[in-house]
Amino acid sequence: MIAIGSDHGGYELKEFVKRHLIENGIEVKDYGVFTEDSVDYPDCARPVCKAVQSGEAERGILLCGTGIGISMAANKFKGIRAALCGDVYSAKMTAEHNNANILCLGGRVTGRELAFMIVDTWLSTPFAGGRHADRIAKIHAIENE
Ligand code: RB5
């Protein structure tokens with residue numbers, strides 16, 4: 001299952017990404033928001049990050065206006081590796097090298113069709129492991145400093 005969530009700035013693109021995933025047979029759980037009323041993006045990051053941390057969701061997708069604030073918030077949660085991607089190459093590499101468990105998108109930055117390509121690439125690219133796993137372990141070691 002993919003957990004998805006956004007603030008008001010990412011709401012519109014979230015709805016399109018959610019529909020795209022469902023149309024491709026992927027199970028999605030939407031943690032909101034469900035309107036364009038103004039909210040605080042750290043609050044929107046929390047439920048999706050918790051779902052990934054607990055294993056309830058395999059991965060998550062988070063959106064805000066730029067994707068920046070919500071990725072900053074997501075990366076404060078232990079075990080979360082959130083990657084803000086605005087291009088397909090980065091989406092491929094963050095799956096292959098960083099094993100990103102949350103993909104962040106900017107709802108006011110990235111067009112719908114490009115967002116679909118980014119999501120599809122991130123979901124379909126396997127993690128390479130090896131030296132990249134060692135580097136990820138070093139990221140998470142920082143959480144204990
Ligand atoms: C909300 O206006 C906006 O600041 C938010 O969606 C996001 O872009 C923050 O990084």
Side-chain angles (χ1 to χ4, degrees), residues 1-128 132-133 135-144:
M1 183 269 281
I2 304 290
I4 196 165
S6 74
D7 76 351
H8 53 289
Y11 168 74
E12 187 182 16
L13 186 59
K14 169 174 73 70
E15 292 302 306
F16 286 118
V17 169
K18 180 173 67 177
R19 195 171 73 195
H20 175 75
L21 292 170
I22 292 167
E23 283 173 359
N24 283 285
I26 295 166
E27 189 189 349
V28 187
K29 185 167 174 183
D30 189 348
Y31 288 81
V33 294
F34 301 104
T35 73
E36 289 189 331
D37 294 345
S38 184
V39 290
D40 298 332
Y41 54 80
D43 300 332
C44 306
R46 179 173 287 101
V48 169
C49 291
K50 293 282 179 196
V52 173
Q53 279 179 325
S54 71
E56 184 195 351
E58 291 151 43
R59 303 185 195 199
I61 299 175
L62 284 170
L63 306 91
C64 67
T66 59
I68 296 171
I70 209 150
S71 64
M72 287 180 171
N75 278 312
K76 297 295 181 188
F77 289 83
K78 274 196 173 187
I80 296 301
R81 297 178 302 282
L84 170 58
C85 292
D87 64 273
V88 172
Y89 177 77
S90 297
K92 178 173 163 55
M93 297 316 290
T94 201
E96 201 171 296
H97 287 189
N98 316 124
N99 200 15
N101 50 14
I102 294 196
L103 175 71
C104 298
L105 296 165
R108 295 172 179 160
V109 178
T110 303
R112 194 185 310 172
E113 294 296 331
L114 176 57
F116 296 165
M117 291 176 75
I118 289 169
V119 168
D120 294 347
T121 301
W122 172 66
L123 286 175
S124 62
T125 303
F127 176 48
H132 303 294
R135 290 167 185 164
I136 288 170
K138 288 192 177 191
I139 293 176
H140 292 299
I142 296 169
E143 292 170 343
N144 300 317

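Only this structure's heavy atoms are used, side chains among them; waters, hydrogens and symmetry mates stay out.
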Distance, nearest 0.5 Å, that separates [atom1] of [X] from [atom2] of [Y]:
X   : Y    : atom1 : atom2 : result
I4  : I102 : CD1   : CD1   : 11.0 Å
I26 : I2   : CD1   : CD1   : 6.5 Å
L21 : E27  : CG    : CD    : 11.5 Å
N24 : S124 : CG    : OG    : 11.0 Å

Does any part of the side chain of [Y], heavy atoms only, come nearer than 4.5 Å to the side chain of [X], both counted from C-beta?
X    : Y    : result
R59  : L123 : yes
L63  : D7   : no
V119 : L105 : yes

| query | Residues two or more places apart in sequence or in another chain: which of them pass side chain to side chain donor-acceptor pair (under 3.5 Å) with Y11? | reply |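 In terms of side chain to side chain donor-acceptor pair (under 3.5 Å), with neighbours along the sequence ignored, Y11 is linked to no residue.
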
| field | side chain to side chain donor-acceptor pair (under 3.5 Å) involving S90 - partner list, sequence neighbours excluded | value |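 Partners of S90 by the side chain to side chain donor-acceptor pair (under 3.5 Å) criterion, ordered by chain and then number, come out as D87.
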
| query | Should we count CE of M117 as having more than 12 external heavy atoms under 6.0 Å? | reply |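 Count not over threshold, so no.
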
| Within 6.0 Å of CD in E15, more than 12 heavy atoms from elsewhere |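 Yes.
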
| query | With sequence neighbours excluded, what pairs up with I139 under the side chain to side chain contact (heavy atoms under 4.5 Å, CB included) test? | reply |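 I139 satisfies side chain to side chain contact (heavy atoms under 4.5 Å, CB included) with no residue once adjacent residues are dropped.
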
| message | The criterion is salt bridge (charged side-chain N to carboxylate O under 4.0 Å, His left out); which residues satisfy it with E56, sequence neighbours excluded? | response |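 Testing E56 for salt bridge (charged side-chain N to carboxylate O under 4.0 Å, His left out), a comparison that skips the adjacent residues, returns K29.
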
| said: I'd like to check the salt bridge (charged side-chain N to carboxylate O under 4.0 Å, His left out) partners of D30; sequence neighbours left out, ordered by chain and number. | reply: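 Here the qualifying residues are K14, K18.
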
| said: Filter on salt bridge (charged side-chain N to carboxylate O under 4.0 Å, His left out), then keep only pairs touching residues 95-120, sequence neighbours left out; what's left? | reply: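 Output for this query lists K92-E96.
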
Donor-acceptor list for residues 67-85 side chains, cut-off 3.5 Å, not counting sequence neighbours:
residue, atom, partner, partner atom, Å
S71, OG, G67, O, 3.0
S71, OG, I68, O, 2.8
N75, OD1, A82, N, 2.8
N75, ND2, S71, O, 3.2
N75, ND2, A82, O, 3.0
K78, NZ, N144, OD1, 3.1
R81, NE, N98, O, 3.0
R81, NE, N99, O, 3.1
R81, NH1, H140, NE2, 3.0
R81, NH2, N99, O, 2.8

| Are the side chain of W122 and the backbone of N101 linked by a donor-acceptor contact shorter than 3.5 Å? |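 Looks like no, no N/O pair under 3.5 Å.
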
Donor-acceptor pairs are to be reported for all side-chain atoms of residues 33-51 against protein atoms at under 3.5 Å, with residues two or more places apart or in another chain.
residue, atom, partner, partner atom, Å
T35, OG1, D37, N, 3.1
T35, OG1, D37, OD2, 3.4

| request: Not counting sequence neighbours, list each pair that qualifies as a ring pair (Phe, Tyr, Trp, His ring centres under 6.0 Å) and has a residue in residues 96-116. | output: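 Sorted pair list: H20-F116, H97-H132.
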
